[in-house]
Amino acid sequence: AAIYYPGSTKDFTQEVRISSDGTHLFDWTIGGFYQNRKNNVTSEDARADATTGDIITPNQIFYRREIFDKLEQYAGFGEGTFHPTRTIGLTAGIRYFSYNKTVSGFTDIAWTLIGAPARPLSTVNSSENGTLLKFNASWQANPDILFYATASQGYRPGGANQVIGLSADLTPYKSDSLWNYEIGTKLGLLDRKLTLNLAAYQIDWSNIQVSGRTTNGAFSFLSNAGAARIRGVEAEAFVRPMRGLQFTFSGNYIDPRLTQDQVNASVVAAGRAGDRIPYIPNWTGAAGAEYTAPISPTLDFFARADFNYVGSSYSEFRPTNVYRVKIGAYSLTNLRVGIDLKHNDAGVYLFVNNLFDAVAINRASQSSTANSYSATSASPRTI
C-alpha cells in the first residue's frame, strides 16, 4: 500500500498600521491584522504492487478520509515609545488576538483493519483569545553606539484534531507561547568601516504543542505538554575596508533544552527535562564577501561569495531512543557575479549555488517501519 495525500492551502492575510513620524517626546504605532487560511486534504491509501512497491494505476483506493481545515484570526495592536532624553527610548506594546479554528471531515471508504469505519461529516471547533506584551529600552550613547534590552511574547495558534475515534476531551489543543528576553549592542567603529552587532538571549517556551497517538497506534494527534528554555549568543560583523568592498561574518551558539517532561493526562511524549530539542544545531556560522565597482555611468560590476556552516543535530529528544538519527554538520558555498543597471533596479547575474556539490542533510528521521529512514537535503550544485 502507499499513502496518497493530495491537498491544497489558500491563505489570505492583511495588515494595516498607522505610525507617528518618530520625532516627538512620545511616538506611537497602532494597527490591525486579519488572516483567513483554508486547508483541504484527502487522506487516501492506494494499492501497490506487492513485488515492486509501485503504486498501481489507475489508483485503487481502499481508504479515504476528507479533511477541511479553516483558521480565522483577528488582532489589534499598539505600542508607544517615550523619550525622556534624546538618547533614551522606553517602549511598551500590547497585542490582542482572537482566533477560531474549524475542522470538518468524513470517511467514505472505510478501513476496519486500523479501526477506521465509515463516518458521516462532522465538525469540531477550537477558539482562543488573549494578549501579548512587548517591552524595550534603548540608549544611543553616541551616533555610533546603541545598547538595548527587550522582552516580548509570542504565540502559535492552537486548534482541533480531526482524528477517528478520538475522545471529545482530546479534540482541542491550545496555543503554545513564549517569552523572549534579549540584551545587545550595535556598534559603528573605525569611522564606520566596521559594524559590530552582539546579542544574548533566552527564550522560555511553555505549553508546547506535542504529538500523541491513539491507543491503537494508528493515528497521531496534537496536545500540549512540557516546557523548554533556549539560550543563545550571536554576533555579526560588517567590514568595509574600501569603497565597494564589504566582508560579513556571523556566528550563533544555541543551547535548546526541555525544562519539563512532556507528559500530561493524555500524552506521554518522548521528551524529558534536560533533553536537547531535535533539529536545532548548537553552532551555526556564515561568512561572505561582496564587491561592486562601476564599469560605466549606467552599469556596475557585482560579485558575491557566501559560505554557510550548520552544526550537527539530532532527530529525537532522548539519547537512548533507538530511532534517534544524528544529522551531521554541513557547509554550503554560493557564488554570484553579474551586472547591475544603476537606474533601472535590474541586473543580470550568473550564479552557482552549492559550489562544491555538498550532500547537506538538513532533516532526517527513522521509525519502526522497515526501510523508514528518510531525509531532506539542500539542492545539489545549481548553476
Between [Y] and [X], is there a side-chain heavy-atom distance shorter than 4.5 Å?
| X | Y | value |
| --- | --- | --- |
| Phe82 | Ile88 | no |
| Phe351 | Asn334 | no |
| Ser312 | Lys326 | yes |
| Pro241 | Phe247 | yes |
| Leu350 | Ile383 | yes |
| Leu121 | Ser104 | yes |

Is a donor on one side and an acceptor on the other found under 3.5 Å between the side chain of [X] and the backbone of [Y]?
| X | Y | answer |
| --- | --- | --- |
| Ser126 | Ala160 | no |
| Asp144 | Arg192 | no |
| Tyr99 | Gly158 | yes |
| Thr107 | Ala110 | no |
| Asp21 | Thr23 | yes |
| Asp275 | Arg272 | yes |
| Gln246 | Thr292 | no |
| Asn224 | Lys174 | yes |
| Asp340 | Lys342 | no |
| Gln153 | Leu133 | yes |

Check: Is Asn371 atom CG crowded by more than 12 heavy atoms from other residues, nucleotides or ligands, each under 6.0 Å away?
Finding: no
Note to self: Tell me whether Ile3 at atom CD1 has more than 12 heavy atoms from other residues, nucleotides or ligands lying less than 6.0 Å away.
What the structure shows: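 For Ile3, atom CD1 is not crowded (no more than 12 foreign heavy atoms under 6.0 Å).
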Could you pull out the closest heavy-atom pair between [X] and [Y], with the gap in Å?
| X | Y | answer |
| --- | --- | --- |
| Ala199 | Glu182 | CB-OE2, 3.7 Å |
| Thr81 | Gly89 | CG2-CA, 4.1 Å |
| Gln202 | Arg229 | NE2-NE, 3.4 Å |
| Glu44 | Pro6 | OE1-CD, 4.2 Å |
| Leu198 | Ala235 | CD2-CB, 3.5 Å |
| Asn354 | Ser379 | ND2-O, 2.9 Å |

Check: For Ser313 and Arg363, what are the C-alpha separation, side-chain angles and deciding distance, and is it a side-chain hydrogen bond (donor to acceptor under 3.5 Å, both in side chains)?
Finding: CA-CA 9 Å; Ser313 61; Arg363 190 176 182 90; over 6 Å; no
Rounded distance (nearest 0.5 Å) linking atom [atom1] of [X] with atom [atom2] of [Y]:
| X | Y | atom1 | atom2 | value |
| --- | --- | --- | --- | --- |
| Thr42 | Arg64 | OG1 | CZ | 7.5 Å |
| Tyr253 | Asn282 | OH | CG | 5.0 Å |
| Thr284 | Glu234 | OG1 | CD | 8.5 Å |
| Arg119 | Phe106 | CZ | CZ | 14.0 Å |
| Thr29 | Phe77 | OG1 | CZ | 8.0 Å |
| Lys38 | Lys10 | NZ | NZ | 7.0 Å |

Check: Rest of the hydrophobic cluster containing Tyr173 (Ile/Leu/Val/Met/Phe/Trp/Tyr, side-chain heavy atoms under 4.5 Å)?
Finding: Leu222
Notebook entry, point to check: Residues sharing Val263's hydrophobic cluster, by side-chain heavy-atom contacts under 4.5 Å among ILVMFWY, directly or via others?
Noted result: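 In the cluster with Val263 are Val268.
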Notebook entry, point to check: Phe97 vs Tyr155 aromatic rings, parallel, tilted or perpendicular, using cut-offs 30° and 60°?
Noted result: parallel
Notebook entry, point to check: What residue pairs, at least two apart or across chains, pass ring pair (Phe, Tyr, Trp, His ring centres under 6.0 Å) with a residue in residues 132-152?
Noted result: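 Qualifying pairs: Trp139-Phe147.
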Checking [Y] against [X]: is there a side-chain donor and acceptor pair closer than 3.5 Å?
| X | Y | result |
| --- | --- | --- |
| Tyr279 | Asn362 | no |
| Arg240 | Thr195 | yes |
| Asp11 | Thr9 | no |

Next item on the list: List the steps, then state whether side-chain contact (heavy atoms from CB on, under 4.5 Å) holds for Thr87 with Asn142.
Entry: CA-CA 8 Å; Thr87 61; Asn142 62 50; over 6 Å; no
Item checked: Test log, rule side-chain hydrogen bond (donor to acceptor under 3.5 Å, both in side chains), inputs Glu72 and Tyr74 -> CA-CA 7 Å; Glu72 194 168 27; Tyr74 300 88; 3.2 Å; yes
Next item on the list: Begin with the C-alpha distance, continue with both residues' side-chain angles, and end with the deciding distance and a verdict on side-chain contact (heavy atoms from CB on, under 4.5 Å) for Arg65 and Tyr63.
Entry: CA-CA 7 Å; Arg65 182 169 61 123; Tyr63 167 68; 3.3 Å; yes
Margin query: As a quick check of understanding, evaluate salt bridge (charged side-chain N to carboxylate O under 4.0 Å, His left out) for Asp255 and Arg231, giving each step before the final call.
Written below: CA-CA 5 Å; Asp255 182 29; Arg231 289 173 170 158; over 6 Å; no
Check: Passes side-chain contact (heavy atoms from CB on, under 4.5 Å), Glu290 versus Phe302? Steps please.
Finding: CA-CA 8 Å; Glu290 182 178 307; Phe302 173 87; 3.5 Å; yes
Margin query: Working note: Leu178 + Ile230, criterion side-chain contact (heavy atoms from CB on, under 4.5 Å); need CA distance, chi angles, decisive distance, verdict.
Written below: CA-CA 10 Å; Leu178 58 80; Ile230 302 167; over 6 Å; no
Next item on the list: Carefully, step by step, assess Asn125 and Ser127 under the rule side-chain hydrogen bond (donor to acceptor under 3.5 Å, both in side chains).
Entry: CA-CA 7 Å; Asn125 291 281; Ser127 60; over 6 Å; no
Next item on the list: Could you give me the CA-CA distance, side-chain angles and deciding distance for Glu236 and Asn197, then say whether side-chain hydrogen bond (donor to acceptor under 3.5 Å, both in side chains) is met?
Entry: CA-CA 5 Å; Glu236 60 180 355; Asn197 300 326; 2.9 Å; yes
